[in-house]
2 protein chains.
Amino acid sequence: MAAALQRGLQAEGFAVDLAHDGEQGLHQARHGDYDIVVLDIMLPRLSGYNVCKQLRAEENWVPILMLSAKDGEYDMADGLDLGADDYLTKPFSYVVLVARLRALLRRDAGRRPAVLTAGDLSLDPARRKVERAASPVELTPREFALLEYLMRRHDEVVSKAEILEHVWDTFDTDPNVVEVYVGYLRRKVDVPFGRNAIQTVRGAGYRLAGDGG
Amino acid sequence: MAAALQRGLQAEGFAVDLAHDGEQGLHQARHGDYDIVVLDIMLPRLSGYNVCKQLRAEENWVPILMLSAKDGEYDMADGLDLGADDYLTKPFSYVVLVARLRALLRRDAGRRPAVLTAGDLSLDPARRKVERAASPVELTPREFALLEYLMRRHDEVVSKAEILEHVWDTFDTDPNVVEVYVGYLRRKVDVPFGRNAIQTVRGAGYRLAGDGG
DNA sequence: CAGCCTTCTCAGCGAGGTCTCAGGTCAGGG
DNA sequence: CCCTGACCTGAGACCTCGCTGAGAAGGCTG
């Protein structure tokens, strides 16, 4: 049945990966950056039930649509309690499945956080969180705005005038304040990690290395 | 009354179908793909009570708002136990009805679990109950609304302006009132338990830690 | 009407963030 | 090798932001 679904969904325009047992599926879900997971309860090696539980325990919030036989050991309430986002019992209509998938994808499209990255440096504008090599970094609002601007233009050389305009919203301020804040940033995201992501381009401005320095 | 409601809601921009008895309503709910169902308890042929029960038994999770006379055979707890998502007793204000409908639609846009959690902090919107580490916490309506909003957006930084818009339904109020209520909340859900779930992000707003602080 | 609860305003305070300044360091050109 | 201009940085003044206690206003209940 999985193969049939795969062909059908691919014809629908989805890109589909298939896992043949729970362990493989869990591994793929962890590392594959999927938009959605379709999870059968009855799986070899590790039940869909446990795959779902495990993913949620790891704070992986990928949308999950569960499938199960009607009289299975687990019922819909269990599935939803475990953190599944939707649930279908066999036999289900293929059309219904696709409709539910689209609904889940639509729902999630709006919430998907746009996280900026440069090497092992990441910045999440919505959560206002910055991480270097998976450890959190605390920034003040001004520092955060500056880093966000540099990351949005990573690999480009950005002049102090541009920075003043976009981060400070002025143009006739002493550019030294930019130098000062670049210094603050370096001491928080580069120096403690032995990196050099924020580079000075003498006479031109600064460049944030796209590979994180 | 049903016809009056239909006209009012249509004026409000909703598309409304009307059923004249329980059996017809059940049939329409089954096949109509509605965003929400408003269900009177007292119906000819099949009570609203039984319509709700039947739909849930069929694993139809369309949001249901129940209406009933004040001293009816069934009370609010019965309705909620049956799987209704919200409940109004007659006489009710039309404005309140619309507000609840919108709240249900909004809530269901994410088909989230009925109970919001963040670590050992939990909030049940339907039952208006909050618990920290399994012990109940008493909140005023305003405090509850604020916590609910923060929990729906846990881990995100939420600005005072957003909070004012969604919890106070204004945008040009002195943001200090938010600070005051955040203070109240902390003294009820964080301080007595030695937690720090509600974090200040200076210059940006507040963040409710997803793991409960 | 009295008492209680809730909401909201206000003003003071203290921590933390921003920015200026001056002196130090460094790169590049003559 | 020295000069010059660009950049870096430590120190500190200033001031904004957020927290809090006090209390007024309004509503609900008994």
Gap between atoms [atom1] and [atom2], on [X] and [N] respectively (whole Å):
X	N	atom1	atom2	answer
Asp172(A)	dT20(C)	CG	P	11 Å
Leu146(A)	dG17(C)	CG	C1'	15 Å
Glu179(A)	dT18(C)	CD	C1'	16 Å
Asp174(B)	dT16(D)	CG	C1'	15 Å
Tyr206(A)	dA6(D)	OH	P	13 Å
Arg142(B)	dA25(D)	CZ	P	19 Å
Arg186(A)	dT25(C)	CZ	C1'	13 Å
Leu185(B)	dT20(D)	CG	P	12 Å

OP1 or OP2 of [N] versus the side-chain N and O atoms of [X]: is any pair under 4.0 Å?
X	N	value
Lys160(A)	dA6(D)	no
Thr173(A)	dC19(C)	no
Arg202(A)	dG5(D)	no
Trp168(B)	dC8(C)	yes
Thr140(B)	dT7(C)	yes

With a 4.0 Å cut-off, would you call [X] and [Y] a salt bridge?
X	Y	result
Asp120(B)	Arg132(B)	yes
Lys188(A)	Glu143(A)	yes
Glu23(B)	Arg45(B)	yes

What nucleic acid atoms does [X] come within less than 4.0 Å of, heavy atoms only: base, sugar-phosphate, or nothing?
X	result
Phe144(B)	nothing
Asn176(A)	base
Pro175(B)	nothing
Val180(A)	base

Exercise for the section: Choose from dC8(D), dG10(D), dG18(D) the nucleotide whose nearest atom is closest to any side-chain atom of Arg187(A). Expected result: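 Closest of the options to the side chain of Arg187(A): dG10(D).
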
Problem - Whichever of Tyr184(A) and Tyr181(B) has its nearest DNA chain C nucleotide further upstream toward 5' - result: Tyr181(B)

Practice task
Ignoring hydrogens and angles, tell me if any N or O in the side chain of Asp190(B) forms a donor-acceptor pair with the backbone of Ile198(B) under 3.5 Å.
Solution key: yes

Exercise for the section: Between Gly183(A) and Gly205(B), name the one whose nearest nucleotide on DNA chain D is closer to the 5' end. Expected result: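 In this pair, the answer is Gly183(A).
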
Practice task
Report the C-alpha separation of Glu156(B) and Arg128(A) in whole Å, then their side-chain angles, then the decisive distance to 0.1 Å, and conclude whether the salt bridge (Lys or Arg N to Asp or Glu O under 4.0 Å) test is met.
Solution key: CA-CA 7 Å; Glu156(B) 284 181 68; Arg128(A) 240 186 174 73; over 6 Å; no

